[in-house]
A.B. asks: 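Provided herewith is a single structure, encoded as structure tokens, for subsequent inquiry.
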Amino acid sequence: MNILHEFDTITAIATPLGMGGVGVIRISGEKAFEIIEKIFSNPNFEPRKFNPGWIIDNGNKIDETLVLPFFAPNSYTGEDVIEIQCHGGINVVKNILNLVLKNGARMAEKGEFTKRAFLNKRIDLSQAEAVADLIHSKTSDFAKVSVKNLSGVLREKVNDIRNDVFEVLSRITAGIDFPEDVAEPEYSYLTEKFENIINQINTVLSNANTSNILRQGISVAIVGKPNVGKSSLFNALLSLDRAIVTDIAGTTRDVLKETLDLGIPVTLIDTAGIREEGDNKVEQIGIEYSKQSLNEANLVLFVYDSSQGMQKEDEEIYNLVKDKNHIVIANKSDLSKERHTETVYLSALTGEGINELKQTLTSKVCDIEPDSLDFVTNSRQQACLNRAKSSIEQALLAAQIRELQDLISIDVKSAILALDELTGELITDEILDNIFEHFCIGK
Ligand code: GDP
């Protein structure tokens with residue numbers, strides 16, 4: 001993204017292109033009002049009041065619309081912003097966009113509205129990233145927690161840590177710069193402060209694994225010998241008839257994949273029965289896929305038929321999964337009374353035990369309940385926090401051996417730089433471009 005373009009006027013369609021009730025075209029920048037005055041029948045705007053009227057091109061009516069004015073700095077981007085709500089439909093929206101372009105705006109780049117909001121200090125970088133998370137969230141839980149980041153929860157946590165680091169740095173610096181007037185801080189004060197800061201960073205990092213899983217999801221493979229009910233379980237979890245269920249052994253020839261929302265996005269993989277002696281060629285290919293899916297999965301659901309109990313063939317398959325993160329599932333519980341602990345009994349046919357399995361599944365991969373998260377972190381933010389943490393760890397070691405405070409201050413400054421990179425106080429164009437590239441046009 002070119003910084004030179006930063007203050008020209010940009011426009012884009014803010015709603016998805018397609019048929020719908022309403023389409024929105026957004027304009028942001030100095031010329032937003034000048035442009036709308038040229039193409040709108042009712043351009044006497046007052047703050048926070050929308051105007052109904054016609055978009056007009058050379059005397060021709062294009063559409064009847066509502067226009068919302070936002071006067072700088074009270075807008076999403078911090079600049080003058082106009083939002084035109086027109087009728088949904090690809091051509092109406094495109095005609096209005098072209099008219100706006102013809103009258104002096106240029107097409108916005110990906111994420112450029114949000115980038116301007118960040119550059120104009122309407123939001124910090126963690127909030128800008130939350131906008132992208134919210135738009136791209138694959139599950140409703142992730143959307144709920146991203147919105148907490150948008151409201152600034154992560155920013156506040158990081159700012160609290162930064163304030164503490166800054167306080168230590170100020171005291172060290174005062175001692176160095178004015179040795180006559182200010183005593184250098186006690187080493188016991190420094191070690192206590194550094195330990196406390198490390199704990200605070202650890203607390204923010206403690207949900208990193210769950211954050212990553214919530215964002216990226218996991219893949220779960222269902223394995224077991226033919227006819228134990230893998231396809232039925234796949235369908236029961238998805239509540240649809242995607243996999244073909246038959247009572248002839250070895251009929252699931254392909255590997256089927258579907259994503260479901262269990263609070264975390266779960267890609268469920270139904271594999272053909274793993275059987276060494278599969279002589280049918282198609283089935284053989286399926287078996288190879290099964291083994292591959294097994295290796296790629298974050299979690300394996302090993303299924304056997306509880307009405308028949310664990311048999312030799314089941315045990316052979318179990319040996320392939322026992323060292324992986326797995327859950328043992330005894331299916332067809334409606335046909336058997338067998339109940340062992342450590343095994344999840346369920347019936348893919350009646351649905352008994354399916355909800356319990358969904359809960360076990362989430363707890364097997366997340367260290368923290370997704371609902372209980374106050375904020376999430378992404379890998380960029382985690383890297384910044386880890387850098388800040390190792391700098392403070394260095395400072396702690398140095399304080400413990402009563403190193404010169406001038407030297408300790410170098411690590412403390414590095415920690416501040418890492419935290420500033422997280423919030424975007426200090427950031428390069430390259431990192432910014434990388435972040436906003438993942439946005440869509442119009443946001
Ligand atoms: P797969 O080969 O492991 O994928 O097994 P399927 O899902 O195709 O199921 C094989 C047979 O077992 C079908 O006739 C299913 O209707 C039946 N089945 C699956 N789950 C259950 C269950 O929980 N209880 C009962 N009684 N039958 C089941």
Side-chain angles (χ1 to χ4, degrees), residues 218-260 262 266-322 324-361 364:
I218 55 159
S219 68
V220 174
I222 307 180
V223 301
K225 70 174 192 196
N227 245 15
V228 293
K230 295 181 298 299
S231 309
S232 307
L233 176 61
F234 182 85
N235 288 341
L237 283 168
L238 287 165
S239 324
L240 56 81
D241 278 334
R242 170 83 160 73
I244 305 150
V245 181
T246 69
D247 48 12
I248 308 157
T251 43
T252 309
R253 299 273 162 78
D254 280 337
V255 175
L256 300 177
K257 280 190 185 182
E258 287 285 351
T259 302
L260 76 152
L262 291 186
V266 174
T267 303
L268 208 55
I269 309 164
D270 177 18
T271 64
I274 299 179
R275 276 199 315 185
E276 289 300 342
E277 77 274 22
D279 44 16
N280 177 321
K281 213 166 173 202
V282 184
E283 194 178 311
Q284 197 68 54
I285 296 169
I287 291 166
E288 275 314 306
Y289 278 140
S290 303
K291 290 191 173 160
Q292 204 182 318
S293 311
L294 195 63
N295 289 333
E296 287 164 10
N298 304 95
L299 176 68
V300 180
L301 304 184
F302 164 75
V303 187
Y304 75 94
D305 180 342
S306 67
S307 68
Q308 299 192 359
M310 273 274 245
Q311 297 183 338
K312 189 165 152 279
E313 224 183 324
D314 296 307
E315 269 160 20
E316 279 166 14
I317 297 171
Y318 183 65
N319 283 335
L320 296 174
V321 309
K322 68 175 194 292
K324 298 180 191 295
N325 193 12
H326 71 273
I327 300 175
V328 178
I329 293 171
N331 188 32
K332 309 196 187 181
S333 63
D334 52 308
L335 300 179
S336 91
K337 300 246 165 334
E338 173 201 285
R339 296 293 181 263
H340 297 299
T341 48
E342 299 294 305
T343 301
V344 175
Y345 283 84
L346 58 83
S347 168
L349 196 69
T350 66
E352 182 200 342
I354 294 289
N355 280 336
E356 287 78 356
L357 172 65
K358 286 181 177 175
Q359 279 157 17
T360 315
L361 216 142
K364 269 273 181 189

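Indexing begins at 1, ligand by ligand and atom by atom, following the structure's order. What you see is a predicted model, and the numbers here were worked out from it, not measured in a lab. Just so it is clear, the values below take in all heavy atoms, side chains as well, and ignore hydrogens, waters and symmetry mates.
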A.B. asks: List every atom of ligand 1 that sits less than 4.0 Å from any heavy atom of K230, numbering the atoms from 1 in the order shown and giving each element.
C.D. replies: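 Counting from 1, the qualifying ligand atoms are 1 (P), 2 (O), 3 (O), 4 (O), 5 (O), 7 (O).
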A.B. asks: With heavy atoms only and a cut-off of under 4.0 Å, state how L335 meets ligand 1: side chain, backbone, both or neither.
C.D. replies: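 The side chain, only.
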A.B. asks: If hydrogens are left out, which of V223, V303, L349 has an atom nearest to atom 25 (C) of ligand 1, that is, the closest non-hydrogen atom?
C.D. replies: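 Nearest heavy atom to atom 25 (C) of ligand 1 lies in L349.
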A.B. asks: Considering the heavy atoms of A348, write down every atom of ligand 1 situated less than 4.0 Å from one of them.
C.D. replies: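 Taking each heavy atom of A348 in turn, ligand 1 has 20 (N), 23 (O) under 4.0 Å.
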A.B. asks: Would you tell me which option among G229, G351, S232 has the nearest heavy-atom contact to atom 5 (O) of ligand 1?
C.D. replies: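 Residue with the shortest heavy-atom distance to the ligand atom: G229.
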A.B. asks: Using a strict cut-off of 4.0 Å, indicate which atoms of ligand 1 neighbour a heavy atom of D334.
C.D. replies: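 The atoms of ligand 1 under 4.0 Å from a heavy atom of D334 are 22 (C), 23 (O), 24 (N), 25 (C), 26 (N).
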A.B. asks: Examine the proximity of ligand 1 to N331 and report which part, side chain or backbone, both or neither, has a heavy atom under 4.0 Å away.
C.D. replies: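 Side chain only.
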A.B. asks: Indicate yes or no for a side-chain donor-acceptor contact from Y304 to the backbone of K225 under 3.5 Å, with no hydrogens or angles considered.
C.D. replies: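 Side chain of Y304 to backbone of K225, a donor-acceptor pair under 3.5 Å: no, none is there.
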A.B. asks: If the cut-off is 4.0 Å to any non-hydrogen atom of S347, which atoms of ligand 1 fall inside it?
C.D. replies: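 Per the distance check, 22 (C), 23 (O), 24 (N).
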A.B. asks: Please set out all donor-acceptor pairs under 3.5 angstrom arising from side-chain atoms of residues 349-357, sequence neighbours excluded.
C.D. replies:
residue	atom	partner	partner atom	Å
T350	OG1	S347	OG	3.1
T350	OG1	E352	N	3.2
E352	OE1	S333	OG	3.4

A.B. asks: With side chain to side chain contact (heavy atoms under 4.5 Å, CB included) as the test, would you mind laying out the steps for Y318 and V321 before giving the verdict?
C.D. replies: CA-CA 5 Å; Y318 183 65; V321 309; 3.8 Å; yes
A.B. asks: Using side-chain hydrogen bond (donor to acceptor under 3.5 Å, both in side chains) as the criterion, list what pairs up with S307, not counting sequence neighbours.
C.D. replies: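 Expected list: D305.
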A.B. asks: Backbone or side chain, does any N or O of L346 fall under 3.5 Å from an N or O of ligand 1?
C.D. replies: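 Checking ligand 1 against L346, no N or O pair falls under 3.5 Å apart.
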A.B. asks: Would P226 count as a polar contact of ligand 1, with the cut-off being nitrogen or oxygen pairs under 3.5 Å?
C.D. replies: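 No.
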A.B. asks: If you measure every N/O of S333 against every N/O of ligand 1, is any gap under 3.5 Å?
C.D. replies: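 No, S333 has no N/O under 3.5 Å of an N/O on ligand 1.
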